[in-house]
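I have placed the structure first, in the form of structure tokens, so that the comments after it can refer back to it.
Since the model is a prediction, treat every value here as computed from it, not as a measurement.
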Amino acid sequence: QVQLVESGGGLVQAGDSLRLSCAASGRTFSVYTMGWFRQAPGKDREFVAAISRNWITDLLDSVKGRFTISRVNAKNTVYLQMDSLKPEDTAVYYCAAGGITTRSSAGYAYWGQGTQVTVSS
């Protein structure tokens with residue numbers, strides 16, 4: 001069992017930066033692929049980024065060059081650094097843990113409660 005708690009969301013202006021954090025419980029954090037998803041009002045949940053246990057990263061095309069995913073296994077934490085934020089990045093952002101690196105939400109067994117990110121124009 002893994003429990004995930006996100007933090008770092010907020011209201012910012014276009015062009016600003018935010019860093020989301022996701023703290024995980026348990027001793028096996030390092031074996032999981034960690035992912036970030038987002039869901040805007042009226043839209044489906046969307047893959048944003050993932051980092052595997054072997055540090056391989058995958059990013060949604062629309063956030064490449066602006067977002068960076070990283071992990072610190074010693075802290076059981078995964079981060080999503082978001083720069084040059086745009087209004088279309090507005091969503092609830094969810095952290096997830098899974099056994100394989102995939103863009104499908106079905107590949108992740110554990111989910112956090114989400115943190116709101118709002119980007120004003």
CD on E88 to OG on S62, rounded to 0.5 Å: 8.0 Å
Please name the pair of heavy atoms, one in V2 and one in A24, separated by the smallest distance, quoted to 0.1 Å. CG1-CB, 4.2 Å
Of all pairs that satisfy salt bridge (charged side-chain N to carboxylate O under 4.0 Å, His left out), the ones with a partner from residues 106-121, not counting sequence neighbours: none
Where at least one partner belongs to residues 84-104, residue pairs that pass ring-ring contact (aromatic ring centres under 6.0 Å, His included), sequence neighbours excluded: none
Scan the side chains in residues 9-17 for donor-acceptor partners under 3.5 Å anywhere in the protein, sequence neighbours excluded, and list what turns up.
{"unit_1": "D16", "atom_1": "OD2", "unit_2": "Q13", "atom_2": "N", "d": "3.1"}
{"unit_1": "S17", "atom_1": "OG", "unit_2": "D83", "atom_2": "OD1", "d": "2.8"}

So which pairs with a foot in residues 53-86 pass disulfide bond (SG atoms under 2.5 Å apart), sequence neighbours left out? none
Are L60 and I56 grouped together when hydrophobic residues (ILVMFWY) are joined by side-chain heavy atoms under 4.5 angstrom apart? no
Once you round to the nearest 0.5 Å, how far does CD of Q1 lie from CD of Q3? 6.5 Å
Would you mind listing the cluster partners of Y79? Hydrophobic ones only (ILVMFWY), side-chain contacts under 4.5 Å, chaining allowed. V72
Side chain to side chain donor-acceptor pair (under 3.5 Å) contacts in which one or both residues fall within residues 112-121, not counting sequence neighbours: E6-Q113, Q116-T118
Donor-acceptor check, side chain of R66 to backbone of Q81, threshold 3.5 angstrom: yes or no? no
Group every Ile, Leu, Val, Met, Phe, Trp and Tyr by side-chain heavy-atom contacts under 4.5 Å, then state whether F67 and W55 land in the same group. yes
What salt bridge (charged side-chain N to carboxylate O under 4.0 Å, His left out) pairs are there with at least one residue in residues 38-48, not counting sequence neighbours? R38-E46, R38-D89
Suppose we screen for side chain to side chain contact (heavy atoms under 4.5 Å, CB included). Which residues come up paired with T28, at least two apart in sequence or across chains? V31, Y32
Might you point out which heavy atoms bring S21 and T77 nearest each other, and give the distance in Å? CB-CG2, 4.4 Å
Kindly confirm or rule out a cation-pi arrangement of R53 over F29, judged by NZ or CZ under 6.0 Å from the six-membered ring centre and within 45° of its axis? no
Only counting residues at least two apart or in another chain, list the ones meeting ring-ring contact (aromatic ring centres under 6.0 Å, His included) with F47. F37
If I compare all heavy atoms of N73 with all of S30, which pair ends up nearest, and what's the gap? ND2-CB, 3.5 Å
Taking salt bridge (charged side-chain N to carboxylate O under 4.0 Å, His left out) as the cut-off, I'd like each qualifying pair that reaches into residues 91-107, sequence neighbours left out, listed once. D58-R103
Is there a side-chain contact between V117 and T90 (heavy atoms, below 4.5 Å)? no
If you take all heavy atoms of W111 and S105, which pair is closest and at what distance? CZ2-O, 3.5 Å
List for me each residue that meets side chain to side chain donor-acceptor pair (under 3.5 Å) alongside K86, sequence neighbours excluded, and say none if there are none. none
d(M34 CE, N76 CG) to nearest 0.5 Å is 9.0 Å
Hey, could you give me each pair passing disulfide bond (SG atoms under 2.5 Å apart) that has a residue in residues 14-65? Not counting sequence neighbours. C22-C95
Between L80 and A49, which heavy-atom pair has the shortest distance, and what is it? CD1-CB, 4.1 Å
With a 4.5 Å limit on heavy-atom distance, are the side chains of I100 and T33 in contact? no
Spatial distance of atom CD1 (I51) from atom CZ (R71) [nearest 0.5 Å]: 6.0 Å
